[in-house]
Amino acid sequence: MVEQSQARGRIGEVFWVFLALGLTSFGGPVAHLGYFRTAFVERRQWLSEQAYADLVALCQFLPGPASSQVGFALGLLRAGPWGAAMAWLAFTLPSAIILVLFAFGAAVLDGPIASGIIHGLKVVAVAIVAHAVWGMARNLCPDKTRTGIALAAVLTVVLVSGPLGQVSAIVLGSLAGLALCRDSAAATAIESLHFPVTRKAGMMALGVFAGLLILLPLLAGMAAWLDIADAFYRSGALVFGGGHVVLPLLEAEVVQSGWLTPDEFLAGYGAAQAVPGPLFTFAAYLGALLPGINGLVGALLALLAIFIPGFLLLVGVLPFWNQFRQWGSAQALMRGANAAVVGILGAALYQPVWTSAIIGAEEFALALTGFLLLTVWKLPAWVVVAIVAFGGIAVAP
């Protein structure tokens with residue numbers, strides 16, 4: 001009874017923590033990783049900085065929404081399969097509900113006050129990401145070698161745009177770590193992450209992922225719901241980098257097919273920028289407008305279909321993750337990969353986070369205030385979000 005009570009308590013803990021994040025995590029996937037780091041590494045200490053960075057690097061390698069995969073894995077680590085489900089549900093539900101309401105005509109973000117708050121939310125993303133980059137750099141780039149790898153990652157993503165640049169930066173960083181970071185890797189004990197997933201379950205998840213990827217296109221055309229499941233599953237399964245990268249795939253599926261007009265698509269994309277949580281919830285807006293199916297059913301189907309492939313892949317590789325991380329060469333490789341992740345976050349701090357939010361001295365001052373509230377006063381991220389968001393009303397153009 002005590003163990004069952006503790007298990008239920010942990011599941012509830014995961015749900016409420018991720019619900020708070022789902023309501024306040026503005027700024028896109030890079031900012032989400034900053035929010036997660038503050039909540040689970042600094043404040044609750046569910047895992048170490050090293051383990052968190054390893055997990056981020058793994059999810060950056062896999063197709064799908066990286067920040068949602070990290071959240072799913074954190075829920076799984078803390079409270080098992082139900083914890084993973086609650087983490088995804090709580091983090092995703094707020095933005096999905098708002099976007100479905102927007103699809104049905106409830107435009108809740110209007111007027112100068114709302115516009116000012118949205119502007120402030122863009123600014124607070126700068127403070128959140130800067131705080132994450134600062135903290136991760138101190139822990140993961142403590143020497144000249146790894147600082148150089150992080151700088152090389154910045155240059156890589158600047159020269160090679162899009163997900164190809166991110167994947168290339170991590171691959172190059174991993175190879176550099178393999179060659180240059182063996183001594184530092186050998187000197188550090190590796191924390192095992194005990195995910196409750198067996199190897200058999202992992203292999204089954206990989207089989208289901210591949211089976212759906214092959215089977216759904218063959219079944220498409222038999223029913224409207226199968227067409228929707230196929231379109232959104234393929235979009236979630238074939239996208240590297242997540243977030244904005246999925247938009248061209250979705251546009252090809254729902255606009256070029258004639259399901260939605262370009263104006264409908266772009267209106268939903270604009271609304272998706274103004275809500276917290278993962279950008280993949282844009283699928284709920286699209287599903288609510290698709291012809292031939294009830295709006296709520298379409299939203300739920302599209303939402304599940306776009307997230308499932310990334311989660312199946314993650315569950316498939318997690319059982320082999322600890323063994324891989326224990327190898328001496330793998331430790332050196334992950335040292336380089338983690339340094340590259342810092343560089344990628346640093347580049348993203350400028351583009352698109354800084355460039356889309358800091359348009360004048362007032363925004364810079366507001367972002368610096370948020371950064372200092374996080375780093376010096378160590379206020380909770382949600383408090384800083386509220387302060388800076390309302391500060392956006394005063395500085396909005």
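What you see below is based on every heavy atom in this structure, not just the backbone, and it leaves out hydrogens, waters and symmetry mates.
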Q: Determine whether Ile344 and Leu155 fall in the same hydrophobic cluster, where Ile, Leu, Val, Met, Phe, Trp and Tyr are linked whenever their side-chain heavy atoms lie under 4.5 Å apart.
A: no
Q. For Tyr35 and Val385, what are the C-alpha separation, side-chain angles and deciding distance, and is it a side chain to side chain contact (heavy atoms under 4.5 Å, CB included)?
A. CA-CA 10 Å; Tyr35 285 102; Val385 168; 3.3 Å; yes
Q: Would you indicate whether the side-chain heavy atoms of Met203 and Val208 approach each other to under 4.5 Å?
A: no
Q: Taking all non-hydrogen atoms of both residues into account, name the closest pair between Leu218 and Ile214 and its distance.
A: CG-O, 3.5 Å
Q: Taking all non-hydrogen atoms of both residues into account, name the closest pair between Asp227 and Met222 and its distance.
A: OD1-N, 4.5 Å
Q: Please round to the nearest 0.5 Å and tell me the distance separating atom CG of Leu301 and atom CD1 of Ile306.
A: 11.5 Å
**Q.** Close side-chain approach of Thr369 to Val388, heavy-atom, < 4.5 Å
**A.** no
Q) Between Phe209 and Ile308, does a side chain to side chain contact (heavy atoms under 4.5 Å, CB included) hold up when you go through it step by step? A) CA-CA 8 Å; Phe209 168 82; Ile308 282 175; over 6 Å; no
Q. Can you tell me how far the CD1 atom of Ile170 sits from the CG atom of Leu333, to the nearest 0.5 Å?
A. 11.0 Å
(Q) If you compare all heavy atoms of Ala153 against all heavy atoms of Gly343, which two are closest, and at what distance to 0.1 Å? (A) CB-CA, 4.1 Å
Q: Kindly say whether Glu253 contributes a backbone atom to a donor-acceptor pair with the side chain of Gln256 at under 3.5 angstrom?
A: no
Q.
Under a 3.5 Å distance rule, please check whether Arg10 uses its side chain to pair with a backbone N or O of Arg78 as donor and acceptor.
A. yes
Q: State, to 0.1 Å, how close Ser95 and Pro276 come at their nearest heavy-atom pair, and which atoms those are.
A: CB-O, 2.8 Å
Q: Anything under 30° is parallel, anything over 60° is perpendicular, the rest tilted; go ahead and classify Phe102 against Tyr285.
A: tilted
Q) Would you say Phe364 and Val123 make side-chain contact, with heavy atoms under 4.5 Å? A) no
Q: Please assess Phe195 against Trp321 for the test ring-ring contact (aromatic ring centres under 6.0 Å, His included), listing each intermediate value before the final yes or no.
A: CA-CA 9 Å; Phe195 293 98; Trp321 185 231; 8.8 Å; no
Q: Report yes or no: does Thr281 contribute a side-chain atom to a donor-acceptor pair with the main-chain N or O of Ala284 at less than 3.5 Å?
A: no
Q | Between CG on residue Leu250 and CZ on residue Arg234, distance to nearest 0.5 Å | A | 11.0 Å
Q.
Thr145 vs Cys181, test: side chain to side chain contact (heavy atoms under 4.5 Å, CB included). Steps then yes/no.
A. CA-CA 8 Å; Thr145 300; Cys181 298; 4.0 Å; yes
(Q) Give me each pair satisfying side chain to side chain donor-acceptor pair (under 3.5 Å) with a member in residues 196-215, each pair once, sequence neighbours excluded. (A) Arg199-Gln323
(Q) Looking at Pro217, is its backbone amide N or carbonyl O close enough to the side chain of Tyr233 to form a donor-acceptor pair, meaning the two atoms are under 3.5 Å apart? (A) no
Q. Is Trp16 reachable from Ile11 through a run of I, L, V, M, F, W or Y residues, each pair having side-chain heavy atoms under 4.5 Å apart?
A. yes
Q.
Looking at every heavy atom in both Ala127 and Ala367, which two are closest together, and how far apart are they?
A. CB-O, 3.5 Å
Q. Can you find a heavy atom in the side chain of Ile128 that is under 4.5 Å from one in the side chain of Phe26?
A. no
Q) So Phe40 and Phe36, would you call those rings parallel, tilted or perpendicular, with 30° and 60° as cut-offs? A) tilted
(Q) Any heavy-atom pair between the side chains of Leu175 and Val171 that's under 4.5 Å? (A) yes
Q) Roughly how far apart are Leu74 CG and Gln69 CD, rounded to 0.5 Å? A) 12.0 Å
Q. Quick one: does His131's side chain get under 4.5 Å of Glu42's, heavy atoms only?
A. yes
Q. So does Phe390 have more than 12 non-hydrogen atoms from other groups sitting under 6.0 Å from CZ?
A. no
Q) Between CG of Leu19 and CG of Leu89, what distance do you get to the nearest 0.5 Å? A) 9.0 Å
Q | Rounded distance (nearest 0.5 Å) linking atom CZ of Arg37 with atom CE of Met136 | A | 7.0 Å
(Q) Has Arg182 got a side-chain atom pairing as donor or acceptor with Leu178's backbone, closer than 3.5 angstrom? (A) yes
Q. Is the shortest heavy-atom distance from the side chain of Ile97 to the side chain of Leu93 under 4.5 Å?
A. yes
Q.
Please check this pair: side chain of His32 against backbone of Ser68, looking for a donor-acceptor N/O pair closer than 3.5 Å.
A. no
Q) Which heavy atom in Thr156 sits nearest to a heavy atom in Gly165, and how many Å separate them? A) CG2-O, 3.7 Å
**Q.** Heavy-atom donor-acceptor pair, Asn139 side chain to Glu49 backbone, under 3.5 Å
**A.** no
**Q.** Common cluster, Val342/Ile149, ILVMFWY with side-chain heavy-atom separation under 4.5 Å
**A.** no
Q.
Treating Glu251 as the side-chain partner and Phe265 as the backbone partner, does any N or O pair qualify as donor plus acceptor under 3.5 Å?
A. no
Q. Do Phe311 and Met204 share a hydrophobic cluster (ILVMFWY, side-chain heavy atoms under 4.5 Å, transitive)?
A. no
Q. Can you find a heavy atom in the side chain of Pro309 that is under 4.5 Å from one in the side chain of Leu212?
A. no
Q: If the plane angle is over 60° it's perpendicular, under 30° parallel, otherwise tilted; pick one for Phe18 and Trp46.
A: tilted
Q.
Using a 3.5 Å distance criterion without hydrogens, assess whether the side chain of Arg44 forms a donor-acceptor pair with backbone atoms of Ala39.
A. yes
Q.
Would you say Leu151 ends up clustered with Val341 if hydrophobic residues are merged whenever their side chains have heavy atoms under 4.5 Å apart, either directly or through other cluster members?
A. no
Q | side chain to side chain contact (heavy atoms under 4.5 Å, CB included) between Leu219 and Asp230, intermediate numbers included | A | CA-CA 8 Å; Leu219 298 178; Asp230 172 46; over 6 Å; no
